[in-house]
Each structure stands twice: as C-alpha cells, then as structure tokens.
2 protein chains.
Amino acid sequence: MTNLTLKQLRYFEALARHNHFGRAADACAISQPAISVQIRELEETLGTELFERGPRQVRLTNFGEEFALRVRDILRSVDELADLARSSRDRLVGRLRIGVIPTIAPYLLPTIIGNLSSMHDGLDIHVRETQTQKLIQELADGRLDAAIVALPVSEPSLTEIVLFAETFVLVRPGEDEGKPVPNREMLREMRLLLLEEGHCFRDQALSFCNMHSARPRELLDGSSLSTLVQMVSAGIGVTLIPEMAVPVETRSASVSIARFRSPQPSRTIGMIWRKTSPIAKQLLRISEIVRQSADTLRAQHNPTPLAHLLNLTATA
Amino acid sequence: MTNLTLKQLRYFEALARHNHFGRAADACAISQPAISVQIRELEETLGTELFERGPRQVRLTNFGEEFALRVRDILRSVDELADLARSSRDRLVGRLRIGVIPTIAPYLLPTIIGNLSSMHDGLDIHVRETQTQKLIQELADGRLDAAIVALPVSEPSLTEIVLFAETFVLVRPGEDEGKPVPNREMLREMRLLLLEEGHCFRDQALSFCNMHSARPRELLDGSSLSTLVQMVSAGIGVTLIPEMAVPVETRSASVSIARFRSPQPSRTIGMIWRKTSPIAKQLLRISEIVRQSADTLRAQHNPTPLAHLLNLTATA
DNA sequence: TACAGCGATAAGATGACATTATGACAAACC
DNA sequence: GGTTTGTCATAATGTCATCTTATCGCTGTA
C-alpha cells in the first residue's frame, strides 16, 4: 500500500469536479488511464470508495463528498505555500533580529528602525543592545540575524561590511571651552572617564591614548555615555564620546566639546552577519539603508562636509 | 522544476524538528542523502532557502519557520484524511437519502428513522416520498441511495431485496361490519375508491380485481389512503388499504375492516439500490433493520401470528 | 446489430527516488 | 599541524512508481 500523495489528491479533486475521467484527465494534462489508476490507488490506500462508477456517469460517494471538502482545503493550503515562498523570495519578511553595540544604538537606531519599517512593512524588527562579544556569540548561535559593531571583528564565519567611520571627540567641563585641546599624552594625565570593561569603545579610547588595556591611574567606570557626560558636566573629569553621540548627549549638559587635531581618534562602524545567512542579499540592502540613515543623521548635525571641516579646524 | 510533494513536506517537517539531516533521515527511515536531495529540491521549487546550513548545525530560516507552521497544519490535515477514511470504512456515515412510496411511508418511516438514527448516530437521513417510477429515476440519477417500494421493479441496474409481504384489507363503511366479505367479482360491482394514477398500490388493487389498467365504472381518485378512508367513512364507497395502514387510518374513522379469504390480495415490499452503490453492504444491513422494524410494527397490532390467523378466519 | 462513449486493463518507456559510496569542509583532538 | 570525526553534498546506479499508447469490455443508442 503506497502512501497518500498530493498528486492523487489533485487528480481526485479534478475528477470530483468533472465527474468524468476523460475530462478530468484533460484538466490535469495527463492521459485517462493515468487518472484512472491513481484514483484506484487512492481508494485502495483509503480502503474506501470515493466514486461510484456508473455506466453513464461518475459520482462522488457520501464519503467522497466529505473527503473532497477537506482535500480542497489541503490543496489550497499547499498552493498558498508556494505563493508564500514566491512573495517572500526577494522581499525581506518576518522577523529581523539585529544587534547593536550600546555606543551606537541610542543615536542610530531611531532613524534606522523608522527607515526600515517604512521600506519593508512586512518586517518586524527585534533589537538587541549589548557588547560586541555577546553579539558575535548570538550571531553565531543564530539568535541574531545581523549586528552593527565596530570593525574589524575578524570572524571568518562572518561577513563584515563597512558602514561609516566616526571620530571621537573630547568632552570637557563647560568652563574648559576654548582651552587648548590636549594631545594624547596630555590626556593620559587627565582624569579620563570611560565605560566599564567589555565595551569596545572603552578599548578604542584607551588605544587612542596608547594605554591599551593597562589600567590608568584614575579611570572611573561609567555604564553609559550619558552617565559619563553627566559626570564630566559635574566637573569630575573628561571623557571621549563618538561624534554621533554629541547632539544627544550634550543637549542637557554644560560641557564643552573639542575635536582633536590629526591624528583624530576614530573607529569604523560596520554591519556583520553569518556568511551562511540565507538573507545575506537582503542584509546587504539593509546595510545600505543603515549607511544612508547614518549619513543623513550626521548631515543634520554637520550641515555640510565643508562646514564640518571648518568647525574641526576652528576648535582644534 | 518538479512540483511540491507530500514526501518533501514530511521530510522538511522532520528536518525542521531535528535540525539534523542524519537524525531526520532516521526518523523518516531513509538514508541521509535522500532527505538531503529532497530538501534541496523543495528549496529549488520554492525558490527560497528553508534551512541555513552551518558546519555545526542546521537551522530554519525565518521563512522556514513560517513555512513549517503551515506545513504542520497541512500534514495534520492529510493524516486526518486517512483517519477519516478508516473510521468511516465500515460505519455508515453522512447522508442517507432514502425514498419511500406514499402507501408505506407514513406507517413505516417513524419506526425506521427512529431505529436507524439510534443505531447510527453519525447518520442523517433524508426521506423522499413519491411514487415508484420517480424513485427509480432518482435512484438511477444518484439523487437517492435506496428506496422502499413494492417489488418487483425489474431494473437490471438495481439490487432488489425483499423486506416483507403485506396483505390488503377491505375498508367498508362502519355499518357494513359483519356483512359477508365480497370476492373479487363482487368488488368489481362496488364503488371502489382508489389512489390516483401513478401509485403502484392502485395498480395492485386493480390487479386483484382483474381490472388491470382498464378504467372501471365508478372509480374515484383519491390522493392518499387517509383521504380514501375518510371517503369510505362518509359512505361514498369502499377501498383497499395495505394491512400496515390499518391502525393509523381507521383510528378516527367509522369504517369496517374485512380481510379477504384466500387468495388474499397482497404485495411484496422490498428495498432497492444501485448495484454499483459503494454502500451496498451497509444498505443490506439497513434493509435488515427495516425488516425488523416492520416485523415489530406488525407484531404490535397483531399480537401473535396465531391471533392474526384467528382474526382473519373470523372476519372472512 | 453496429456504433459510440467511457472507464479499466496491459505493456512498455520514462522518470522519480532510494541506496551505497564518496567528496568537501569545518571542528575537535591528539 | 596533521589526523580524526561529524556533517552535509554529490555521484553512480538500481528499483519502483507512474506515465503513455494500445486495447478491451461494458452500456446505452442509432
């Protein structure tokens, strides 16, 4: 006894509709014996007759009627499967789980989520905000689809794509406005407030000061850039923040922002995902949207690249 | 590009559950390459990846997750199809459309329907009450599953099975009680009330009088036995009714019932259905229930066969 | 009685699908 | 660092399902 097959159900449905082997066979674009055999096998599999073969006509049995109702449901569902696949072949659909490091998330996410949602209305976006190492782990575990982190991560299993570079700026108490901008060596002598262990931005800042992971004299661990800026505002010390954070974090704090002279501290922000990800193509498209979002965002605060440069030299 | 197959969906479901080709293959009792190939073909058919193949694990894609939900629904429905067939293989299920001639229906149907309904609770019974020729036509057209008629019908496409024989009794006005029972010749001289053309019982009665289809002097057409009895009660004439109708039809009429001496008029009642009917076996069982119902019914009115005989000779 | 319509059956060709063997690749383990 | 292990993909091949064409048998009709 063979198993039920969709083919048999399709033939059955055609025969149920036409009540005629020949016409049903035509409808299925097969020969009459083919449908004849398949229907017989279907009936054998079920152990029940589905059709009553009369000399003048073929008719569904009572059971066949009920069977037909269910079969039509099933065939419709199956056809919908194919439709579903076709419609979501290129379009990004369903859940997009994206991770972002905390020193990027608050500044970039509102714009990104807005843009992505409006461009892909079938998409619901889950955001995970944590540090790079955890993001990479969750990416590998398949709990995330992509992450926005500072490059490089140098994981062979991950695709990295550069989004943009962002410079770091010095945040000093408000009364320091106009004072000379310290260089890296001078910075090392100041009370530098940094994020706690694990944040890549902490390492990047330390790296700029040539301090690497060695613990400096008077570092204070802060949990967020916002906290650090508030502490600076209170005169406790100075800190570095990424340029993108400036508009948000200095809005309600009496601090002074200074940009370093060359070499400017900076980092590269990029997006990563598993090389094996089946939505790699869509993720690439998303990365472009993210890049544009970031560009727009920065253009809002630094109206033109030229103005940006002027501003830089002025403060330096 | 091949079509979707249930096999592919089953393999897919197994793989979605196990996230492992080898174990999924075991679960399906096939080899690993078999499932590998089928999944690939499924993905090709859909034009989308369902799984993300990592070196350490296999994971559903977003689309695969949604696909899996639907596939599980479909597979469940398909399995229910087989269950449905198995459960209704022997049991009579669904609609039973049964036709009954009018000179039987009112007397037999209440009992039959009660018995059938209680014995097959999944059965809903549709009754059609009309004359034999129409019943046979509707049977042939597949609009009826079976019919209860007077035999023989001699249709080669139909199975006939005898249910019981019933005699005809003479109905005279109440004041004729005790008068000698007329014989067939005498009956021909009386004002005999009969059903209108088309009723087999009319022909059977005429036949008893050796009148066949020739129109006698003073026949009056009545539409039902009930009407005929009422007319007899009013003194308009006499009539014949089947024995089974006696309890019902003489309850509220002042008429006298007389049974003929041998040869007693009678007819054979049977059940018929298409020889090709797939529920032939069940119909045979139903015919037994009908026969029992009829026996019970007659036993209620003629408490014992012996009493019946005594009553017969007494009135004759 | 011959004919036409229709479904069932038979025989041969084709294709789908399984199996076994093997390859490719990454991870894990001396 | 090479080897082993685990895992999925691919290849070669055999088998079975299923299709097609040809034909039969039955039934109702001209």
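Everything quoted here is computed from the prediction, not taken from an experiment. What's counted below: heavy atoms across the whole structure, side chains too, no hydrogens, waters or symmetry copies. Order of the sequence lines fixes the chain letters, A, B, ..., with proteins taken first and strands second; residue numbering starts at 1 for each chain.
Atom CZ of B:Phe21 and atom P of C:dC25 are 17 Å apart (whole Å). Between the CG atom of A:Asn19 and the C1' atom of C:dC6 there is a distance of 14 Å, given to the nearest Å. Between the C1' atom of C:dC17 and the CG atom of B:Leu6 lies a distance of 15 Å, rounded to the nearest Å. Whole-Å rounding puts the A:Glu49 CD to C:dG7 P distance at 15 Å. If you take CD of B:Gln8 and P of C:dC17, they are 7 Å apart, rounded to a whole angstrom. Atom P of nucleotide C:dC17 and atom NZ of A:Lys7 are separated by 7 Å, given to the nearest angstrom. Rounded to an integer number of Å, the gap from CZ of A:Arg53 to P of C:dT9 is 9 Å. Here D:dT18 presents its P atom at 12 Å from CG of A:Leu4, a figure rounded to the nearest Å.
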Base, backbone or nothing for each nucleotide of nucleotides 20-30 of chain D, written B, S, -, heavy atoms under 4.0 angstrom, 5' to 3'?
BBB----SS--
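Side-chain proximity of A:Gln38 to the nucleotides C:dT9, D:dT18, D:dC8 is greatest for D:dT18.
Evaluation of the salt bridge (Lys or Arg N to Asp or Glu O under 4.0 Å) rule for B:Glu49 yields no partner, not counting sequence neighbours. Under the salt bridge (Lys or Arg N to Asp or Glu O under 4.0 Å) criterion, A:Arg23 pairs with no residue, sequence neighbours left out. A search for side chain to side chain contact (heavy atoms under 4.5 Å, CB included) contacts involving A:Cys200 returns A:Ile101, A:Thr132, A:Ala150, A:Gln204, A:Arg267, not counting sequence neighbours.
Salt bridge present: B:Asp79 and B:Arg10 bring a charged side-chain N and a carboxylate O closer than 4.0 Å. Here B:Arg95 does not pair with B:Asp124 in a salt bridge; the nearest charged N to carboxylate O distance is not below 4.0 Å. Checked for salt-bridge contact, A:Arg274 and A:Glu160 miss the test: no charged N lies under 4.0 Å from a carboxylate O.
A:Ser36 has a side-chain polar atom (N or O) that falls below the 4.0 Å cut-off from OP1 or OP2 of C:dA8. OP1 and OP2 of C:dG5 both lie 4.0 Å or more from every side-chain N or O belonging to A:His20. Regarding contacts with the backbone of D:dT10, a side-chain N or O of B:Arg40 is found under 4.0 angstrom from either OP1 or OP2.
Near DNA chain C, defined here as any heavy-atom distance below 4.0 Å, there are no residues from residues 9-18 of chain A.
Screening residues 34-61 of chain A for ring pair (Phe, Tyr, Trp, His ring centres under 6.0 Å), with sequence neighbours left out, gives A:Phe12-A:Phe51.
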